[in-house]
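Below is one structure, written out as structure tokens, with a few remarks after it.
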Amino acid sequence: MTTQLVELETQLTTLQQEAEGAIAAAASLEDLEQLRIKYLGKKGSLSQVLGGMGRLSAEERPRIGALANEVKEVVQTGLDQKKAALQAAQIEAQLAAETLDVTMPGTFRPQGRNHPLTSTIDRALDIFVGLGYTVAQGPEMETDYYNFEALNTPADHPARDMQDTFYLPDGNLLRTHTSSVQIRYMEANEPPIRVAAPGRVYRRDTVDATHSAVFHQIEILAVDEGLTFTDLRGTIKTFLEEMFGEIEVRFRPSFFPFTEPSAEVDVRWRGRWLEVLGCGMVDPNVLKAVGYDPEIYTGFAAGFGVERFAMVLHQMTDIRDLYKSDLRFLRQF
Ligand code: 2U9
């Protein structure tokens, strides 16, 4: 045995021992990779030891070759095992850090809801949209023309007393009904039309359990060739039955400046007749005001107070409850 051989054998054994110690001490995957390069890399310790093989005899070389392979395998296996262990530890640490305590109380997020006036408007509009109506809106501040003049209610008309409202210094006013929306709609569109106008309206009224100076209306308007009072009656009856269920409906003669003839409509609700709606055939003067020829076209219209519908449907006794924003009241609906 030559000194060379002994020396190389010692070097290989030392290399293995040293590598095993370093691998055992490695704390991270990065450290481990550095060790792989250091011992098994192209310019690593094992390559350097094997570089000394040139000085061995032909019989000695296979011995060192076999030993070197053994050392390489041991070191590689050590690296693999340590790598698996470090990876498992890393996953364990991550799992521990990200653990969710599903028994912790959640964050309370209150669920919002529609105001009963909003849901009443939505229900009514759904019915009219189902009957082919388009929903239209307009300004709450109006001119005298759109609120009164165009609706056959000139300045000296006695009906103005019933619809006294809030006047602005410039002569404009807060609308007393959403009919002005329909005047504007007719100016911008040609017949046939079917339009529903929901919105906030104003009256100079003393507030009590059934009156408010600010309230909400929905009005409908249909203008076409050949529309008659029968069409109006069928539309109103269908609407009220959709809204209240199977009920008796009664039409009584009435007066409005913008319809002729006009009627008030009652429903038989819990054994009593309740007035819920006004309607009529559009006055020819109103059609003329927007440039429709009343010899060709006829129309019908109807209007109702949303508060009144909501109160009847939900058995409310005081209109003011609808404006107080008291959640103890509103949560019931
Ligand atoms: C145009 C022409 C006519 C709308 C109509 C009523 C009858 C009616 C009241 C019900 C209760 C108002 O909220 S309330 O106080 N409304 O009785 N409204 S006919 O007639 C129109 C609308 C638009 C162009």
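Atoms within a ligand are numbered from 1 in the order they appear, just like the ligands themselves. Side chains are part of it too, since the values below use all heavy atoms of this structure and drop only hydrogens, waters and symmetry mates.
Clustering of Ile, Leu, Val, Met, Phe, Trp and Tyr by side-chain heavy atoms under 4.5 Å joins Y297 with Y145, Y146, L151, I183, Y185, M186, I193, V195, L221, V223, F256, F258, V282, V286, L287, V290, Y292, I296. Under a 4.5 Å side-chain heavy-atom cut-off, the cluster of Ile, Leu, Val, Met, Phe, Trp and Tyr residues that includes L174 is completed by M141, F166, L168, Y202, V214. The other members of the hydrophobic cluster of L173, by chain and number, are F148, Y167 (side-chain heavy atoms under 4.5 Å, ILVMFWY only).
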Provide, line by line, the atom pairs where ligand 1 and the protein bring an N/O atom each to a distance under 3.5 Å; else say none.
from: ligand 1; atom 1: 13 (O); to: Q217; atom 2: NE2; distance (Å): 3.0
from: ligand 1; atom 1: 18 (N); to: G303; atom 2: N; distance (Å): 3.4

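A donor and an acceptor atom, one from each side chain of E7 and T10, are nowhere located under 3.5 Å apart. For E219 and H177, the side-chain atoms include no donor-acceptor pair closer than 3.5 Å.
Put simply, the side chain of D208 gets close to the backbone of H211: a donor and an acceptor are under 3.5 Å apart.
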